[in-house]
There are 2 protein chains.
Amino acid sequence: MGKGKRTRVTLRQVAQEAGTSASTASRALAGNGYVAEAIKARVVAAADRLGYVPDVSARSLKGRSSGLVGLVVSDLRNQFYAALAAGVEGSLAAAGHQMVLVDDHGSDAQALEGARAFLAMRAAGVLLAPVGRAATELLVEHGTPVVEVDRRSGARGCDAVTIDSERGARDAVAHLLELGHRRIAMVLDETMWDTGRNRLKGYRAAHRDAGVPLSRRLVLDLGLRPADPGADVAAFLDANPGVTAVFAANNVVAEAVWQELKRRGSAVPRDCSVISFDDLGWMRIVEPGLTAVRQPVYDMGRQAADLLLARIAGERGRAQTLTLQPEFVRRGSTCAPGGTARTAHPSPPGGGAARGVGSDVSA
Amino acid sequence: MGKGKRTRVTLRQVAQEAGTSASTASRALAGNGYVAEAIKARVVAAADRLGYVPDVSARSLKGRSSGLVGLVVSDLRNQFYAALAAGVEGSLAAAGHQMVLVDDHGSDAQALEGARAFLAMRAAGVLLAPVGRAATELLVEHGTPVVEVDRRSGARGCDAVTIDSERGARDAVAHLLELGHRRIAMVLDETMWDTGRNRLKGYRAAHRDAGVPLSRRLVLDLGLRPADPGADVAAFLDANPGVTAVFAANNVVAEAVWQELKRRGSAVPRDCSVISFDDLGWMRIVEPGLTAVRQPVYDMGRQAADLLLARIAGERGRAQTLTLQPEFVRRGSTCAPGGTARTAHPSPPGGGAARGVGSDVSA
DNA sequence: CTGTTAGCGCCTTCAA
DNA sequence: TTGAAGGCGCTAACAG
């Protein structure tokens with residue numbers, strides 16, 4: 001530290017400064033092999049004095065990989081993915097790894113580009129919320145450990161951590177059915193990923209369980225990045241005046257639904273009950289609070305990273321899928337149709353009843 | 001593509017497959033130097049066939065730096081930082097760079113650790129929301145281009161992109177004063193960074209401008225990561241019953257204030273007006289909508305990244321500070337004290353009056 | 001315990 | 001237009 005340097009300090013220079021050879025200096029700094037205490041101290045002091053920073057490029061050129069771990073998400077501005085990334089980062093940082101973050105904006109091509117970049121940088125491993133199987137397959141083929149998060153692409157040879165979408169959706173819709181709703185709409189923005197598909201499955205399963213007939217008309221798929229989701233929801237509600245409750249498949253959809261209901265002056269839950277899959281901060285803040293299926297997002301990130309770290313550390317064995325259970329949180333946005341026999345408290349401070357907490361492993 | 005490979009494909013292997021030398025293959029793939037078209041095609045085909053991926057470690061060992069760019073933020077779960085990161089990523093990805101994201105959790109030590117990691121990976125440049133000057137100084141000293149975002153540490157030798165906190169705060173508080181408020185509280189969670197400090201300055205300046213006396217009692221500093229911000233706000237409000245308006249210094253504080261007001265049954269804005277510095281999605285969703293100082297966060301990330309890219313590309317010249325102007329958005333959470341002469345519409349769909357849009361550069 | 005030797009994969013002179 | 005040679009910074013053998 002002191003004078004600004006133009007040339008990076010190399011190990012050789014440190015060794016010279018300490019009056020020893022490069023290999024000894026290497027051993028002293030890395031802590032491998034035998035080095036006399038005295039020399040070691042001299043080397044460390046010299047490194048310190050010169051502001052030495054080891055070059056990971058050189059290091060990973062020798063060894064196997066850089067310490068970098070890639071993460072691909074579909075929309076960093078979506079709190080869901082931000083929380084996921086935060087969880088991943090926390091776990092990786094604790095293990096001394098760096099996280100390279102790529103936003104694929106839901107595009108298969110961009111995910112693949114990201115994967116290629118990870119390959120090029122010899123990433124130690126990659127976590128991704130898949131948008132297709134190409135990226136995963138490319139990485140696996142090259143021997144890079146991969147853990148899929150949130151969704152599964154169907155590619156083989158990688159671990160995964162997901163949330164039980166079907167169960168979460170089934171519980172939510174069952175709640176509405178129990179309250180007496182018979183015309184329950186489901187709004188989603190994609191069915192090409194297993195998250196959307198499984199939530200739809202859960203919606204259907206709940207109906208079957210209750211012996212309530214299904215109608216295709218009650219399912220609205222906005223598609224990813226709808227131009228004007230509010231308008232689509234509006235048109236849908238106009239076309240289906242009998243709807244007394246809406247199940248929104250994720251936080252983005254939930255926001256669109258909520259805003260449209262507010263815009264048209266519908267009273268929630270009296271005129272229409274609402275449940276969101278995914279529980280964000282604002283859902284606790286609005287009045288009434290939104291009944292929601294909470295996903296342990298941050299934790300999912302952490303656990304996925306841990307799984308990956310284990311693979312990086314050399315753990316063998318079959319690919320595992322960790323399925324996390326969501327938690328049903330009842331707030332004020334759901335009640336019996338027409339507002340009769342309202343059992344929900346307006347907005348309980350603490351949240352609501354927990355259900356299905358925990359997680360289980362399946363091969 | 002095809003058979004899973006255990007050993008990474010090297011340039012030499014590609015060359016061999018194409019029946020040429022490594023140097024020629026290098027030129028063919030990199031596009032440097034002269035290569036016969038026929039040979040070039042053969043090499044490209046071979047590379048493709050073998051699934052060749054260049055090794056950036058080797059490449060950056062030769063050259064100067066890896067194509068990696070570091071970003072340090074203080075809390076990825078905070079939507080503000082997530083949006084910032086998204087902006088940065090967008091710009092970097094477009095330029096073919098990868099973003100390495102580090103969350104320092106507001107800790108100087110962790111930021112420094114991140115900086116060291118960036119140095120070790122020979123990052124092409126680094127963007128950071130500084131928590132101290134140590135990280136910036138270390139990087140600058142080693143010749144790594146740095147752009148500070150959102151805040152400035154005071155370290156020299158780096159560019160910066162910030163938002164005019166003082167002006168944003170002054171405008172907001174002036175609005176409250178114009179409405180007739182005289183006991184306006186300001187709640188913040190830090191004054192060690194220039195964001196908090198400057199917002200406080202703006203708060204004071206507005207009072208001075210209006211000739212309204214200031215009282216230290218009206219400023220509540222919760223401190224970063226308060227154990228129970230709600231309780232602190234509650235105690236503060238109890239101790240200052242005369243307060244008719246609250247100016248919250250950022251989205252975290254705004255949420256705490258909002259929740260506490262709701263908890264105690266205060267009617268906003270009749271009993272208490274509220275303004276937030278930083279405009280998040282939920283502030284548009286709640287009833288009434290929150291009057292807010294909107295920051296062009298995503299854009300700040302983009303612009304900061306662009307500035308850094310220019311430096312990486314070799315742009316010389318003095319360090320620049322780009323100051324972005326916030327936009328005052330009036331919604332329903334502000335009115336005259338006591339709810340008299342209420343001029344605000346309950347919750348205008350589009351937002352409110354814009355003010356101070358644009359940006360300017362200063363050396 | 002320490003120094004010498006030999007590359008990791010790539011790119012960049014330099015000759016041919 | 002192409003190939004051979006050398007070296008980026010580091011570390012893992014191998015002597016000494």
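In what follows, chains carry the letters A, B, and so on, assigned in the order in which the sequence lines appear, proteins first and then strands, with residues in each chain numbered from 1.
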Whole Å only: how far is the OH atom of A:Tyr34 from the C1' atom of C:dG3?
-> 17 Å
May I have the distance from B:Arg8 (atom CZ) to C:dG7 (atom P), rounded to whole angstrom?
-> 22 Å
Whole-Å distance between C:dC8 P and A:Asp55 CG?
-> 18 Å
Chain A vs DNA chain D, heavy-atom contacts under 4.0 Å, first-to-last nucleotide span, 5' to 3', is D:dG9 to D:dA13
Thinking salt bridges, do B:Arg311 and B:Asp159 make one under a 4.0 Å N-O criterion?
-> yes
Heavy-atom pair with the smallest gap, counting every atom of B:Glu148 and B:Ala155 | OE2-CB, 4.4 Å
Find out whether B:Arg42 and B:Ile39 are in side-chain contact, i.e. whether some heavy atom of one side chain is under 4.5 Å from a heavy atom of the other.
-> yes
Write out a two-atom table: protein N or O, nucleotide N or O from nucleotides 12-16 of chain C, distance below 3.5 Å.
none

Could you tell me whether the side chains of B:Ser74 and B:Arg151 share a donor-acceptor contact shorter than 3.5 Å?
-> yes
Provide, to the nearest angstrom, the distance between the NZ atom belonging to A:Lys40 and the P atom belonging to C:dG3.
-> 16 Å
Give the C-alpha distance, both sets of side-chain angles, the deciding distance and a yes or no for side chain to side chain donor-acceptor pair (under 3.5 Å) between A:Arg122 and B:Ser57.
-> CA-CA 8 Å; A:Arg122 300 310 191 231; B:Ser57 302; over 6 Å; no
Minimal heavy-atom distance between B:Ala111 and B:Ala135, with the atoms involved, is O-CB, 4.0 Å
Take B:Gln13 and B:Thr10 through the side-chain contact (heavy atoms from CB on, under 4.5 Å) test and state the conclusion after the steps.
-> CA-CA 5 Å; B:Gln13 293 172 50; B:Thr10 83; 3.5 Å; yes
How about A:Glu17: does its CD atom have over 12 heavy atoms from other parts shown lying under 6.0 Å from it?
-> yes
For DNA chain C, whose closest nucleotide is more 5', that of B:Ser57 or that of A:Ile39?
-> A:Ile39
A:Gln16 has an atom CD; how far is it from atom C1' of C:dG3, in whole Å?
-> 15 Å
Hey, which sits more toward the 5' end of DNA chain D by its nearest nucleotide, B:Thr24 or B:Ala58?
-> B:Thr24
Calculate the interatomic distance between B:Gln13 atom CD and C:dC8 atom C1'; express it in whole Å.
-> 13 Å
